[in-house]
Amino acid sequence: MTAAGTHRAILAVWRIEQPRLITSLARLLRDVPLAEDLTQEALVVALERWPETGIPERPGAWLMTTARRRALDHLRRRRMLDQKHGMIVREMEEEEQVMPDLDTPLDDDIGDEMLRLIFTACHPLISREARVALALRMICGLTTEEIARAFLVSDATIAQRIVRAKKTLAESGLAYETPHGEQLSQRLASVLEVVYLIFNEGYTAARGENWLRLQLCNEALRLGRILTSVAPGEPEAHALLALMELNASRAAARTDAAGNPILLLDQNRARWDRLQIQRGLQALKRVEELGGAGGVYALQAAIIACHARAVTAEETDWRRIADLYAELARLLHSPVVELNRAVAVGMVEGPEAALEIIERLGNEPALKDYHLLPSVRGDLLYKLGRYGEARQAFETAAALAENQRERDFLMRRAAQAAGAEAE
């Protein structure tokens with residue numbers, strides 16, 4: 001393997017293993033920022049050694065062993081002689097030669113180490129935006145750019161939020177803990193947001209060469225299922241699970257054999273996972289039983305359920321979808337929701353009605369660099385036979401898209417519009 005290939009392989013391994021390294025070290029050290037620093041040191045060692053020695057058979061275990069030894073060295077250097085840190089040192093010394101079992105869960109109220117760390121990062125002392133950004137960056141392994149895309153803000157803004165959150169964690173002495181009762185409820189909304197954003201990044205990757213990152217989708221689904229057992233009476237926990245299950249049911253139909261995107265209306269619905277759809281609909285039914293049908297995740301799940309129940313694209317209840325988006329827009333006041341509502345309106349009232357909404361969104365600062373705005377605009381213009389304008393819109397969208405698959409797809413749409421214009 002070339003040096004560049006080895007470097008890419010190391011970073012790929014790192015992206016998978018980083019969250020597990022941080023969660024394990026945070027449990028041992030009771031210090032989340034320090035755990036992150038030590039995992040970064042383990043990565044540096046891997047970048048130095050693996051190009052010469054090759055990637056180990058169990059790279060995650062190698063990284064964990066290296067990070068734990070760094071943690072032990074750190075504690076020794078600091079000469080932490082109080083009883084708590086002395087106990088941690090002894091525990092780590094006893095386990096130093098033992099290959100760690102990275103899949104062993106903790107016996108605690110939450111029952112999952114990753115989720116417990118997300119709850120820790122989502123402490124009320126940290127602002128909502130900062131706690132979500134911190135959890136996504138440090139614990140879930142998303143890049144600053146991916147998080148910025150999710151929030152529709154600049155990379156610098158997200159970086160500042162993360163720095164402030166880490167500083168708060170380091171200076172306040174917040175414990176690595178499992179919250180209970182009211183404290184758990186106070187953090188739940190932020191935790192749900194983190195899990196949903198992990199799923200979204202997996203469902204449509206912000207960057208890279210793959211449109212889907214199924215590992216992230218599956219991790220978010222796993223966390224969502226645990227959350228419904230942690231908070232069984234919280235309708236939005238069940239609603240988020242319903243939303244993710246219903247979306248994930250279409251995964252096999254969303255790309256062709258080459259990995260290129262297939263839009264919803266063009267998908268082979270026979271490839272949708274009917275069992276997963278049933279799980280999603282059952283979770284949505286539970287939301288209704290708990291009286292939470294008007295929640296943010298519940299409304300989104302109800303929208304996706306409209307698609308899931310339609311045997312063919314023509315049977316889709318677009319009127320109900322448009323009404324649900326209108327209700328969601330009243331709750332969130334989000335330009336992205338309004339953009340999605342425009343698509344539904346276009347299916348009900350025609351492309352001209354949708355284009356009116358789109359043109360109003362053109363002045364929204366949050367959508368200035370959002371590639372889906374010109375993408376939707378291009379599709380509507382194409383349907384109206386305004387092929388030259390459609391081509392320009394698709395080219396603009398392609399220039400803004402940072403995922404290679406999506407960029408290629410938009411350029412194919414631009415070529416299609418150019419061909420129609422030439423006829």
Side-chain angles (χ1 to χ4, degrees), residues 4-5 7-16 18-19 129 132-138 140-162 193-194 196-217 219-220 247 250-251 254-256 258-264 334-340 342-343 358 361-362 364-379 390-417:
H7 189 269
R8 285 195 299 270
I10 293 171
L11 294 182
V13 169
W14 171 252
R15 186 159 195 154
I16 294 170
Q18 178 195 9
E129 296 85 357
V132 173
L134 175 68
L136 290 170
R137 175 69 186 95
M138 189 169 67
C140 305
L142 300 191
T143 66
T144 301
E145 294 81 5
E146 289 164 351
I147 301 168
R149 178 219 193 211
F151 283 101
L152 298 180
V153 298
S154 69
D155 295 356
T157 297
I158 290 297
Q160 290 170 359
R161 289 178 185 175
I162 293 171
E193 186 175 3
V194 169
Y196 187 39
L197 290 173
I198 295 170
F199 180 86
N200 281 345
E201 174 58 27
Y203 195 67
T204 307
R207 296 185 173 207
E209 298 180 0
N210 296 318
W211 199 44
L212 291 173
R213 295 172 61 188
L214 289 179
Q215 181 190 358
L216 286 180
C217 289
E219 178 68 10
N247 269 324
R250 304 199 300 259
R254 293 187 69 233
T255 57
D256 62 18
N260 297 311
I262 301 176
L263 298 184
L264 174 62
S334 164
V336 175
V337 172
E338 191 68 3
L339 176 61
N340 288 324
V343 174
I358 295 297
L361 290 174
E364 286 284 348
L367 299 183
K368 180 173 65 72
D369 297 321
Y370 191 51
H371 70 284
L372 292 182
L373 178 62
S375 174
V376 172
R377 184 171 181 273
D379 186 64
R391 175 185 55 77
Q392 292 176 356
F394 286 132
E395 289 174 349
T396 298
L400 293 173
E402 297 186 66
N403 181 280
Q404 187 62 50
R405 298 285 185 179
E406 206 160 13
R407 188 183 302 121
D408 292 345
F409 173 81
L410 289 165
M411 288 307 298
R412 287 195 296 272
R413 293 297 312 271
Q416 181 186 17

**Prompt:** Which heavy atom of G202 sits nearest a heavy atom of C217, and at what distance?
**Reply:** C-SG, 3.3 Å

**Request:** Go through the side-chain N and O atoms of R213 and Y203 and say whether any donor and acceptor fall under 3.5 Å apart.
**Result:** no

**Asked** If you round to the nearest 0.5 Å, how far is OG1 of T204 from CG of L372?
**Response** 8.5 Å

**Prompt:** Are side-chain heavy atoms of E395 and R391 found at a separation under 4.5 Å?
**Reply:** yes

**Message:** Side chains of R405 and F409, heavy atoms from C-beta outward: is any pair under 4.5 Å?
**Reply:** no

**Request:** Could you grab the distance from atom CD of E193 to atom CZ of F151, nearest 0.5 Å is fine?
**Result:** 5.0 Å

**Where L410 and S375 come nearest, the two heavy atoms and their spacing** = CD2-OG, 3.5 Å

**Fill in**
Between N403 and A205 the two heavy atoms that sit nearest each other are ND2-O, 3.2 Å

**Message:** Can a donor-acceptor pair be found, under 3.5 Å and without considering hydrogens, that links the side chain of E201 to the backbone of I198?
**Reply:** no

**Item:** Pairwise side-chain contact, I262 with T255, heavy-atom cut-off 4.5 Å (strictly under)
**Value:** no

**Request:** Supply the atom-to-atom distance R412 CZ to N260 CG, rounded to the nearest 0.5 angstrom.
**Result:** 4.5 Å

**Fill in**
Value for NE2 (H371) from CD (E406), rounded to nearest 0.5 Å, stands at 3.0 Å

**Prompt:** With sequence neighbours excluded, what pairs up with R161 under the salt bridge (charged side-chain N to carboxylate O under 4.0 Å, His left out) test?
**Reply:** none

**Fill in**
In terms of heavy-atom contacts, A417 and F394 come closest through CB-CD1, 4.5 Å

**Message:** Looking at every non-hydrogen atom in both residues, tell me the closest pair between I358 and A342 and how far apart they are.
**Reply:** CD1-CB, 3.8 Å

**Complete:** To the nearest 0.5 Å, atom CD of E129 lies from atom CD1 of I147 at 13.5 Å

**Prompt:** What are the two closest non-hydrogen atoms of G378 and A390, and how far apart are they?
**Reply:** O-CB, 3.5 Å

**Request:** For the pair T396 (side chain) and Q392 (backbone), establish whether a donor and an acceptor sit closer than 3.5 Å, ignoring hydrogens and angles.
**Result:** yes

**Asked** Under a 4.0 Å N-O cut-off, is there an ion pair linking E145 with R149?
**Response** no

**Prompt:** Got a second to check how far Q416's CD is from R413's CZ, nearest 0.5 Å?
**Reply:** 5.0 Å

**Item:** Beyond-backbone contact of L197 with E146, side-chain heavy atoms, under 4.5 angstrom
**Value:** no

